[in-house]
Structures are given as C-alpha cells and as structure tokens.
Amino acid sequence: MIHSASSIDNKKKFLILGAGFSGSFFAKSIRKLGYTALTSSRSENKDPDSFVFNSENGTVPNKKIFDGVTHILSCIPPDKNGNDPVLGSLKNKLKSLSLEWVGYLSTTGVYGNTKGEWVSEIDPPKPLQKRSHKRLNCEIEWIESGFPVQIFRLPGIYGPGRSTFEAIRSNKVRVIYKKNQVFSRIHVADITNAIIYLLQNKNSLKFHQIINIADDEPCSQIEVTKYCYDLLGLKMPKPIFFEDVKKELSPIAKSFWMENRKVSNKLLCETLGYKLIYKNYKIGLKDCYTNI
Ligand SMILES: NC(=O)c1ccc[n+]([C@@H]2O[C@H](COP(=O)([O-])OP(=O)(O)OC[C@H]3O[C@@H](n4cnc5c(N)ncnc54)[C@H](OP(=O)(O)O)[C@@H]3O)[C@@H](O)[C@H]2O)c1
C-alpha cells in the first residue's frame, strides 16, 4: 500500500504527460501524498495544475512548467507514425532537467499472441498488430534516450467510470464467446499504487526496466460480463460466437480477439513484493460497482 509522503522525499515534482484515465488517477494519488504534480492535456481545461501539451499541433508547455521537475510519467500513446510524442517534442527540454525517474505506460500488446500461454518480461516481444509495432518502437526510443526510464506494460485498464458497467449502461456490450480465449486486465488504482510502491522502495529493490502490471486472474470476457450483469441484478444477453460476429466488428475490436495471452505479474508481485489491491476482476468490479 501507499505510505505517507515521507518515504519519497517531498521535494519531488511530477509531470504527468497525458492525464487521461490512468494519468489523472496517478496525479490525484500522488498529490494526496503531498507532492506537486502537474498534468497535461491536449486542450485547455479549468484545472489550475494542468497545462497544454499537444504534439499533433506543436503546442509545447511553457518552460516554467519544467522548473524543478524530478519525475515524469508519460501516459501518451504513440503518434500515427509510431513515434513517441513526448520524445519527439520535448526530448531536448527533458535532457536539460535533473530527472531522477521517468515512467512510461506501455501495453502488453507488444508480446503478441501466445495462444493463451503465460507471458513475462523475459519473453521477447513479438508484436502482431501494427499499433503494437508502434508501441514497441516507442519503448525502444525511450530505452535508447538515456533517461532513467522504467516501462510498465499494461493489459486492459479498468476502474470506476471505465468498466463493463458503463458498456452495459450505454448498450455497448456484445457478449462474445471464443473458445479458450482469455484477457488480462488491471485496475487503474493498482497501476498507480504499484508505481508509487516501486518509487518508495527504489533504494532497496533491484531496478527492472520493464515491468508488467497485471492482476492475478486472466479470464474470459464472458465471466467478467456475467459478473457485472449479476451485480446489477440483470440477465446477461445470450452469447454470440466470435466466428458469427467477427465480420461486424470494427478492425480494432477484432484485433483484440486475435491475441490470446495471460500476462504474468510474478516480477512485480513475487520478486518485487507488490501486493495488489484488486487481485482479480471480482474485487475490482465490486469497487467500480460501488462507485457507479
Ligand atoms: N486503455 C487501456 O485499456 C490500455 C491498455 C494498455 C495500455 N494502455 C496505454 O496506457 C497509456 C494510458 O492509458 P489510458 O487509457 O489511461 O490513456 P487515455 O485515457 O487514453 O489518455 C491518454 C492521454 O494522452 C494524451 N495524448 C494523446 N495523444 C497525445 C498527443 N499527441 N500529444 C499530447 N497528448 C496526447 C491525451 O490527451 P487528452 O487528455 O487531451 O485526451 C490523454 O491525456 C496509454 O499510452 C494507453 O495507450 C491503455
């Protein structure tokens, strides 16, 4: 669990680049611990601790934003050419800072299709989808940048406000059955807590540049969907076979079903000793349910 601010010295200043779902959760948590955290989005908003960064139209932050920054967390996906938006626009600026740590949120998509087998950080990436090739390219860019970067490979992210409950409510659920197909997932709070745990214990833990953050129990989409319908007291629609529906799926939706893997969290949870808050979808979805 997260300890008080005293365990990371509170002169740290975090820049969270791309404060979408995971980035804004991280920012909120780190501020509660007493740190300064500024967040970026692509357009102006009312948050006084937010600034605009948009690599698509060349909007870069005012240089004052970078004063005293010690930690960066990038939650921004690759650009359309497969390059990293942060390195493309801000690398020289970041080089001029005394950065102690850079975190980069990546995806387990870089592992490709393991046909349902477990995959861990020591397995070589074998991206299948174009977007996963782009992602791997960004990981490599970060590693070669010389920054003290730690890469977090994430499976499907869910949490309050972004889960199957929202899909059910907006009638966007399709209950699809594909034999032996599983997905890994992670609750947004565990992304934040795991990263803070690693930072708080940086001096005593061996440094690993690439770490998976996933829960303990990969499982089928149907199990998750059924669990949500049960909590809502509703009847789940009859499942449709993937083969019958695949032509109707969008290319992106279809691509998720073309990969089947179980993401191991042994490095994080056994070797490094992080204790998941939401070790499976049931506990995690109960949290989402109480926050609907
Ligand atoms: N969602 C998942 O299930 C999942 C799974 C594995 C990995 N990931 C990856 O993990 C990271 C965090 O995921 P998330 O779901 O929390 O992300 P998210 O909610 O989609 O947020 C992405 C953030 O990046 C910003 N952004 C996008 N393109 C940008 C650009 N060209 N220049 C500047 N800012 C840009 C967005 O700005 P605005 O705030 O203005 O929109 C947003 O703040 C992402 O890289 C994502 O691809 C996601």
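Indexing begins at 1, ligand by ligand and atom by atom, following the structure's order.
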Protein contact of atom 35 (C) of ligand 1 - nearest heavy atom, named by residue and atom, plus distance: I76 CG2, 3.5 Å
- request: Could you label the plane-to-plane angle of the F25 and H187 rings as parallel, tilted or perpendicular, counting under 30° as parallel and over 60° as perpendicular?
  value: perpendicular
message: I need the F147 CZ to S74 OG distance, nearest 0.5 Å.
response: 11.5 Å
field: Backbone or side-chain N or O of T107 under 3.5 Å from ligand 1 N or O
entry: no
- request: Test R174 against E248 for salt bridge (Lys or Arg N to Asp or Glu O under 4.0 Å), laying out the working first.
  value: CA-CA 11 Å; R174 295 187 101 159; E248 294 162 31; 2.7 Å; yes
query: What atoms of ligand 1 come within less than 4.0 Å of a heavy atom belonging to G156?
result: 3 (O)
message: Tell me if the centroids of the rings in W101 and F207 come within less than 6.0 Å of each other.
response: no
field: Contact check, G109 vs ligand 1, heavy-atom distance below 4.0 Å
entry: no
task: Using heavy-atom distances, let me know which of G58, S40, G18, A19 sits nearest atom 25 (C) of ligand 1.
output: G18
task: Ignoring hydrogens and angles, tell me if any N or O in the side chain of N137 forms a donor-acceptor pair with the backbone of G82 under 3.5 Å.
output: yes
Minimum-distance protein heavy atom relative to atom 5 (C) of ligand 1: P155 O, 3.1 Å
query: Quick one: do R153 and E139 make a salt bridge, cutoff under 4.0 Å?
result: yes
query: For ligand 1, does R153 get within less than 4.0 Å through its side chain, its backbone, both, or neither, judged by non-hydrogen atoms?
result: neither
- prompt: Which distance, rounded to the nearest 0.5 Å, do you find between the CG of L15 and the CG of L17?
  reply: 5.5 Å
message: Would N212 and Y111 count as a side chain to side chain donor-acceptor pair (under 3.5 Å) here? Give the steps.
response: CA-CA 11 Å; N212 297 335; Y111 292 120; 2.8 Å; yes
- prompt: Can you tell me the protein heavy atom closest to atom 11 (C) of ligand 1 and the distance?
  reply: C75 O, 3.5 Å
- prompt: Is any N or O atom of G20, backbone or side chain, closer than 3.5 Å to an N or O atom of ligand 1?
  reply: yes
query: Within 45 degrees of the axis of the six-membered ring of F51 and under 6.0 Å from its centre: does R42 put its NZ or CZ there?
result: no
- request: List every atom of ligand 1 that sits less than 4.0 Å from any heavy atom of F53, numbering the atoms from 1 in the order shown and giving each element.
  value: 33 (C), 34 (N)
- prompt: Using 4.0 Å as the upper bound for N to carboxylate O, is an ion pair formed by E223 and K226?
  reply: no
statement: For P77, the ligand 1 atoms with a heavy-atom partner under 4.0 Å come out as 24 (O), 27 (C), 45 (O), 47 (O)
query: Does a side-chain N-to-carboxylate-O contact under 4.0 Å join E259 and R261?
result: yes
- request: Examine R135 against ligand 1 and note whether any of their N/O atoms are separated by less than 3.5 Å.
  value: yes
- request: Check whether any N or O atom of S41, backbone or side chain, sits under 3.5 Å from an N or O atom of ligand 1, and answer yes or no.
  value: no
query: Has ligand 1 got any nitrogen or oxygen that is less than 3.5 angstrom from a nitrogen or oxygen of F21?
result: yes
task: Please write down residue, atom name and distance for the protein heavy atom closest to atom 4 (C) of ligand 1.
output: I157 CD1, 3.4 Å
field: N/O separation below 3.5 Å, G23 to ligand 1
entry: no
- prompt: Do ligand 1 and R162 have nitrogen or oxygen atoms that lie under 3.5 Å from each other?
  reply: yes
- request: Identify the protein heavy atom lying closest to atom 41 (O) of ligand 1, giving its residue, its atom name and the separation to 0.1 Å.
  value: R42 NH2, 2.8 Å
- request: Decide whether the shortest distance between a heavy atom of S24 and an atom of ligand 1 is less than 4.0 Å.
  value: no
message: Parallel, tilted or perpendicular: which one describes the rings of F241 and Y177, with boundaries at 30° and 60°?
response: perpendicular
- request: Note the single closest protein heavy atom to atom 6 (C) of ligand 1, along with its residue, its atom name and the distance in Å.
  value: L154 O, 3.1 Å
- request: Could you list which atoms of ligand 1 come closer than 4.0 Å to a heavy atom of S106?
  value: 7 (C)
message: Test of understanding: with side-chain contact (heavy atoms from CB on, under 4.5 Å), list the residues that count as partners of F21, not counting sequence neighbours.
response: I157, R162, V188
message: Could you identify the single nearest non-hydrogen protein atom to atom 14 (P) of ligand 1 and state the distance to 0.1 Å?
response: S22 OG, 3.7 Å
task: Quick one: look up the protein heavy atom nearest atom 10 (O) of ligand 1 and list residue, atom name and how far away it is.
output: L105 CB, 3.9 Å
task: Using distance alone, decide if ligand 1 has a nitrogen or oxygen within less than 3.5 Å of any nitrogen or oxygen in S55.
output: yes
